[in-house]
Amino acid sequence: FFDNDFIFDLRYNIINKFVDKFVICESRFDHKGNEKKINFDIKNKYKDNDKVLHIILKEPFPKNTNEWENQAIQRDFILKNLDFASPDDFIFFSDPDEIIRPELLVNFNLREKYGIFPHDCFNYKLNLFNAYETPWEGTRVVKKKNLKSIDFMRQKILMKNLNYSIFRFDKEKSIQIFKNAGWHFNNLMSPEDISLKLKTFAHKEFSGDEFSSVEIIKDKINKKIDLFNRGHTYKAINIDNNFPKYISDNLEKFKNYIA
């Protein structure tokens, strides 16, 4: 978690009925090592909600690590705080803006060691479809007894592993792919917040003004084009029954987030 209560509220309302515990991990430092404030639930909306566990990594990241290593440290801090889970509990890991289709969680069963949920990708608005990065290789799942590292699960449990030769023993292949598996609602935030995100997250190649200038970001949002100059143009689509019911039932509430 970095700084977007809106997206957590969205995911909570979409999958709450099917999830036993939401674990939100926040650090007092961004991945560049700069001290930052704690941002989750500043209105105390979830303060007394037993389903929501907010954990805080208080210690600074080591001085000799880079942004990717700091991201891994924060991810695996989550694992150290899962004592409440039993060995056969399913642990799902998502970035905050990756939301599983709730129907898939009904009587959930995992046939392989790991699972991957490819998501439809949307940028800037709930319905601004990003065909270039769809399917987005988002949420992962594993039973707790098989979870050794959350960062490993995110970085090394990949759909392309299934295409490798059976002799590539270094590639985990016990992976189940779930179809039509949810949504990646990327950068549903103000240009100012997107700018801050670009300046502080692990992809430091995008931290310069060429990408992180607020005015440049505003222009790209208005033009419905990619932040990273890859030639991607996004398309507004109708909100239909392929979207979460919580969204389609609350169009007036989300009107500022609809293209």
Side-chain angles (χ1 to χ4, degrees), residues 7-8 10-23 75 88-147 149-166 168 171-188 226 230 232-251 254 257-259:
I7 204 72
F8 178 78
L10 187 65
R11 71 183 294 113
Y12 183 87
N13 282 285
I14 292 171
I15 62 175
N16 171 43
K17 292 180 181 178
F18 310 101
V19 173
D20 294 315
K21 183 79 77 172
F22 293 85
V23 181
R75 284 174 172 172
D88 284 318
D89 281 345
F90 293 112
I91 307 298
F92 296 81
F93 177 78
S94 304
D95 283 348
D97 53 9
E98 298 165 352
I99 303 175
I100 298 172
R101 186 176 294 278
E103 292 83 356
L104 293 177
L105 299 176
V106 178
N107 300 318
F108 182 77
N109 183 45
L110 183 63
R111 298 191 304 271
E112 304 289 346
K113 185 176 180 180
Y114 296 96
I116 299 176
F117 297 80
H119 300 320
D120 289 343
C121 191
F122 298 85
N123 285 64
Y124 311 138
K125 302 289 184 179
L126 290 166
N127 64 327
L128 202 53
F129 183 58
N130 175 356
Y132 301 90
E133 294 182 283
T134 297
W136 177 264
E137 207 160 333
T139 305
R140 312 296 203 273
V141 64
V142 67
K143 284 189 174 182
K144 187 192 175 188
K145 63 185 178 184
N146 294 323
L147 179 58
S149 164
I150 289 178
D151 192 65
F152 171 85
M153 182 166 67
R154 183 70 185 202
Q155 300 290 355
K156 300 298 184 181
I157 303 304
L158 305 169
M159 292 192 292
K160 69 180 183 180
N161 289 10
L162 301 177
N163 298 325
Y164 284 103
S165 162
I166 59 173
R168 288 294 303 272
K171 302 296 182 183
E172 176 64 62
K173 301 183 189 67
S174 182
I175 301 172
Q176 181 177 350
I177 309 299
F178 293 86
K179 304 295 184 182
N180 195 24
W183 309 269
H184 178 211
F185 293 119
N186 188 30
N187 288 325
L188 266 69
D226 171 46
R230 295 172 295 185
H232 300 174
T233 300
Y234 308 135
K235 180 181 179 182
I237 64 174
N238 292 329
I239 292 182
D240 55 19
N241 59 10
N242 189 52
F243 283 80
K245 188 174 186 296
Y246 177 69
I247 292 176
S248 59
D249 285 350
N250 292 278
L251 295 180
F254 295 117
Y257 295 92
I258 296 173

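At most 12 heavy atoms of other shown residues, nucleotides or ligands fall within 6.0 angstrom of atom NZ in K245. In the displayed structure, K235 atom NZ is contacted under 6.0 Å by at most 12 heavy atoms of other residues, nucleotides or ligands. Counting heavy-atom neighbours within 6.0 Å of N163 CG, excluding the residue itself, gives a total above 12. Remark: R230 CZ is packed, more than 12 non-hydrogen atoms of other residues, nucleotides or ligands lying under 6.0 Å away. Atom CG of D20 has 12 or fewer heavy atoms from other residues, nucleotides or ligands within 6.0 Å.
For the pair I258 and I239, the tightest heavy-atom approach, listed with the atom from each and the gap, is CD1-CD1, 3.7 Å. Here the closest non-hydrogen pair linking P135 and P118 is CB-CB, 3.6 Å. The shortest heavy-atom contact between F22 and N16 is CZ-CA, 3.9 Å. Annotation for M159 and I177: closest pair CG-CD1, 3.5 Å, computed over non-hydrogen atoms. Scanning all heavy atoms of the two residues, the minimum distance from M153 to I91 falls at CE-O, 4.4 Å. Closest approach of A259 and L128 over heavy atoms only: CB-CD1, 4.1 Å.
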Please evaluate residues I100 and V141 with respect to the criterion side chain to side chain contact (heavy atoms under 4.5 Å, CB included), reporting the C-alpha separation (whole Å), side-chain torsions for both, the decisive distance (0.1 Å), and the verdict. CA-CA 11 Å; I100 298 172; V141 64; over 6 Å; no

Please report the C-alpha distance between F93 and D95 in whole Å, then the side-chain angles of each, then the deciding distance to 0.1 Å, and finally whether the side chain to side chain contact (heavy atoms under 4.5 Å, CB included) criterion is met. CA-CA 7 Å; F93 177 78; D95 283 348; 4.1 Å; yes

I would like to know whether V19 and Y12 meet side chain to side chain contact (heavy atoms under 4.5 Å, CB included); could you show each step before the answer? CA-CA 9 Å; V19 173; Y12 183 87; over 6 Å; no

Can you list the steps and then say if F92 with F18 is a ring-ring contact (aromatic ring centres under 6.0 Å, His included)? CA-CA 12 Å; F92 296 81; F18 310 101; over 10 Å; no

Derivation of the side chain to side chain contact (heavy atoms under 4.5 Å, CB included) call for K173 and R168: CA-CA 9 Å; K173 301 183 189 67; R168 288 294 303 272; 4.0 Å; yes

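Rounding to the nearest 0.5 Å places CG of D151 at 9.0 Å from NZ of K156. Atom CG of D89 and atom NZ of K143 lie 9.5 Å apart (nearest 0.5 Å). Summarising the geometry, atom NZ belonging to K144 is positioned 14.5 Å from atom CZ belonging to F90; distances are rounded to the nearest 0.5 Å. From T139, atom OG1 reaches atom CZ of R11 across 6.5 Å, with rounding to the nearest 0.5 Å. For the atom pair H232 NE2 and E133 CD, the distance stands at 6.0 Å (nearest 0.5 Å). Here CG of L105 is found 6.5 Å from CD1 of I15. Values are rounded to the nearest 0.5 Å.
Between the side chain of N130 and the main chain of Y132, a donor-acceptor pair closer than 3.5 Å is present. Side-chain atoms of T134 come within 3.5 Å of backbone atoms of C121 as a donor-acceptor pair (strictly under, hydrogens ignored). For the pair R101 (side chain) and N242 (backbone), a donor-acceptor distance under 3.5 Å is present. Without hydrogens or angle criteria, Q176 side chain to L110 main chain gives no donor-acceptor distance under 3.5 Å. No donor-acceptor pair under 3.5 Å is formed between the side chain of N187 and the backbone N or O of N123. Between the side chain of D120 and the backbone N or O of W183 there is no donor-acceptor pair closer than 3.5 Å.
The ring of F243 has its center closer than 6.0 angstrom to the ring center of F122. Remark: aromatic rings of Y257 and F185 are distant, center separation not under 6.0 Å.
Ion pairing between R154 and E98 holds under the 4.0 Å rule for side-chain N and carboxylate O.
Looking at heavy atoms from C-beta onward, D226 lies in side-chain contact with Y234 at the 4.5 angstrom threshold. The side-chain heavy atoms of L126 and L10, taken from C-beta on, include a pair separated by under 4.5 Å. With a 4.5 Å cut-off on side-chain heavy atoms, Y114 and R140 do not count as touching.
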